[in-house]
Participant: 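Next up is a structure, given as structure tokens.
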Amino acid sequence: MNRRYRKTIIAGNWKMNKLPSEVKPFAEALKTLAPHAKWCETVICAPFVDLPAAIKAFKDSRVAVGAENLNENASGAYTGEVSADMLTDLGVKYVIIGHSERRQYYGETDVSVNKKIHAAIGAGLQPIVCVGESLEQRELGITLDLIKLQVTTALSGVEADKMRKIVIAYEPIWAIGTGKTATAEQANEVCCAIRATIRNMYGARIARAVSILYGGSMNEKNAAELLAQPDIDGGLIGGASLVPEKFAAIIATANQDQA
Ligand code: PGA
């Protein structure tokens, strides 16, 4: 973390978990356990149908609500899809874009990710853009080149003044939901390379201000070590964000005063 230059963000990614009726009890528990995180922005990204309940339940708190996906088109004949304006109209602030599960199961590519980013920022949403390598790609030694390509393509055509809205999440695919975390050094190396890519595209001042999160089996036990790394500005948390006690413990870690 480096709070002098950028925001610390702890974002939960509920994936396809929690019923709308389970949102309020979760929010009440989290508000009691993590009452006021002054130094860290807290976000809950929830399934579309949970969003109205989440907006309502977190209204009187500092927890922001995010979606897990959106359609890149503004409106029209796209049965079953949800637009950026629909999300902002509800009060949603963030949206996860290009999660590896969407790339793997729903055919999302760096190009569709780029279109979704434009749709999100056009509507005033803050994208949390996911990038990450597979185990095979890591073993081939192409991680940094691949990440650079993912970031460059995702941000293609995004103007400099929009960059303060964008959050990047580095999520090695082999660490997601597997209990296998990247070591803090491995994670920081890639986050540092992401920042270098942004520096090449937009210059040092903008690169210094972008929050870059780590995701992949982050939990209340390993959060402190990961967050102590200079280029890791927070976490995108799946499994551990479903349990208020665990998520609150990660928020508390991120909220600690920086030495
Ligand atoms: P995990 O998921 O924390 O359960 O590994 C992270 C993510 O996929 O965003």
Side-chain angles (χ1 to χ4, degrees), residues 6-7 9 11 13 15 43 45 48 66-88 92-134 137 142-173 176 190-216 231 233-234 236:
R6 46 195 180 257
K7 232 194 251 179
I9 301 173
N13 173 13
K15 308 193 179 186
V43 187
C45 298
F48 290 135
E68 299 174 11
N69 182 32
L70 84 172
N71 186 278
E72 63 267 35
N73 297 290
S75 64
Y78 302 100
T79 302
E81 292 295 289
V82 171
S83 73
D85 280 345
M86 291 172 184
L87 296 173
T88 45
V92 170
K93 214 172 145 194
Y94 286 87
V95 59
I96 298 174
I97 296 180
H99 190 279
S100 64
E101 286 149 18
R102 296 216 54 89
R103 295 178 191 249
Q104 187 181 349
Y105 305 132
Y106 304 101
E108 292 198 11
T109 62
D110 291 336
V111 173
S112 62
V113 167
N114 175 253
K115 289 183 185 158
K116 290 183 180 204
I117 292 174
H118 282 284
I121 51 181
L125 289 167
Q126 291 194 239
I128 301 174
V129 183
C130 300
V131 296
E133 82 287 4
S134 65
Q137 289 161 334
I142 59 170
T143 299
L144 298 185
D145 287 338
L146 178 95
I147 300 288
K148 189 175 166 194
L149 182 69
Q150 288 180 338
V151 172
T152 313
T153 315
L155 297 179
S156 170
V158 174
E159 285 165 17
D161 67 333
K162 298 289 185 322
M163 280 305 292
R164 81 195 142 76
K165 287 261 175 201
I166 296 203
V167 178
I168 310 280
Y170 167 54
E171 298 209 308
I173 298 168
I176 295 176
V190 180
C191 291
C192 183
I194 292 171
R195 201 175 305 286
T197 304
I198 296 171
R199 192 178 305 122
N200 284 337
M201 295 175 80
Y202 296 98
R205 198 173 49 84
I206 288 176
R208 203 168 57 189
V210 173
S211 296
I212 302 177
L213 317 183
Y214 168 78
D231 279 296
D233 305 310
L236 181 57

Participant: Nearest heavy-atom pair of L236 and C130: which atoms, and what distance?
Facilitator: CD2-SG, 3.8 Å
Participant: Taking side chain as C-beta onward, heavy atoms only, is Q150 less than 4.5 Å from I147?
Facilitator: yes
Participant: Could you tell me which non-hydrogen atom of I128 sits nearest to which non-hydrogen atom of A11, and how far apart they are?
Facilitator: CD1-CB, 4.1 Å
Participant: side-chain contact (heavy atoms from CB on, under 4.5 Å) for R6 and V210? Distances and angles first, verdict last.
Facilitator: CA-CA 6 Å; R6 46 195 180 257; V210 173; 6.0 Å; no
Participant: I would like to know whether R103 and V113 meet side-chain contact (heavy atoms from CB on, under 4.5 Å); could you show each step before the answer?
Facilitator: CA-CA 9 Å; R103 295 178 191 249; V113 167; 3.9 Å; yes
Participant: Determine whether K15 and I176 make a side-chain contact, defined as any pair of heavy atoms from C-beta on separated by less than 4.5 Å.
Facilitator: yes
Participant: Restricting to non-hydrogen atoms, name the atom on V158 and the atom on A154 that form the minimum distance, rounded to 0.1 Å.
Facilitator: CG2-O, 4.4 Å
Participant: Please answer whether the main-chain N or O of K7 pairs with a side-chain N or O of S211 as donor and acceptor at a distance below 3.5 Å.
Facilitator: yes
Participant: Check I117 against P127 and note the closest heavy-atom contact, atom names and distance.
Facilitator: CG2-CG, 4.3 Å
Participant: Grab the two heavy atoms, one from P172 and one from Y214, that are nearest each other, plus how far apart they are.
Facilitator: CD-CE1, 3.6 Å
Participant: Could you go step by step and tell me if E101 and I96 meet the side-chain contact (heavy atoms from CB on, under 4.5 Å) rule?
Facilitator: CA-CA 11 Å; E101 286 149 18; I96 298 174; over 6 Å; no
Participant: Do M201 and T152 have side chains that get closer than 4.5 Å, going by heavy atoms?
Facilitator: yes
Participant: So do D231 and I212 actually touch side chain to side chain, heavy atoms under 4.5 Å?
Facilitator: no
Participant: Provide the closest heavy-atom pair for A67 versus F48 in the form atom of the first, atom of the second, distance.
Facilitator: CB-CE2, 4.0 Å
Participant: Nearest 0.5 Å, what's the OH-CG distance between Y78 and N71?
Facilitator: 7.0 Å
Participant: To the nearest 0.5 Å, tell me how far L125 CG sits from Y94 OH.
Facilitator: 11.0 Å
Participant: List the steps and the verdict of side-chain hydrogen bond (donor to acceptor under 3.5 Å, both in side chains) for E171 and H99.
Facilitator: CA-CA 8 Å; E171 298 209 308; H99 190 279; 3.1 Å; yes
Participant: Can you confirm whether H118 sits close enough to E72 that some side-chain heavy atom of one is under 4.5 Å from a side-chain heavy atom of the other?
Facilitator: no
Participant: Under the criterion side-chain contact (heavy atoms from CB on, under 4.5 Å), I'd like the reasoning laid out for I142 against E133: C-alpha separation, chi angles, the key distance, then a yes or no.
Facilitator: CA-CA 9 Å; I142 59 170; E133 82 287 4; over 6 Å; no
Participant: Can you tell me how far OG of S75 sits from CD of E81, rounded to the nearest 0.5 angstrom?
Facilitator: 13.0 Å
Participant: Would you say that V82 contacts L70 through its side chain, given a criterion of any heavy-atom pair below 4.5 Å between the two side chains?
Facilitator: no
Participant: Can you measure from CD1 (I121) to CD (Q126) and round to the nearest 0.5 angstrom?
Facilitator: 11.0 Å
Participant: Is the backbone of L149 close enough, under 3.5 Å, to the side chain of T153 for a donor and an acceptor to pair up by distance?
Facilitator: yes
Participant: Short question: side chain of N114, backbone of S156 - any donor-acceptor pair under 3.5 Å?
Facilitator: yes
Participant: I'd like a table of donor-acceptor pairs (distance under 3.5 Å, sequence neighbours excluded) in which one partner is a side-chain atom from residues 162-169, with atom names and distances.
Facilitator:
none

Participant: Evaluate the side-chain proximity of N69 to I97: yes if any heavy-atom separation is below 4.5 Å, no if none is.
Facilitator: no
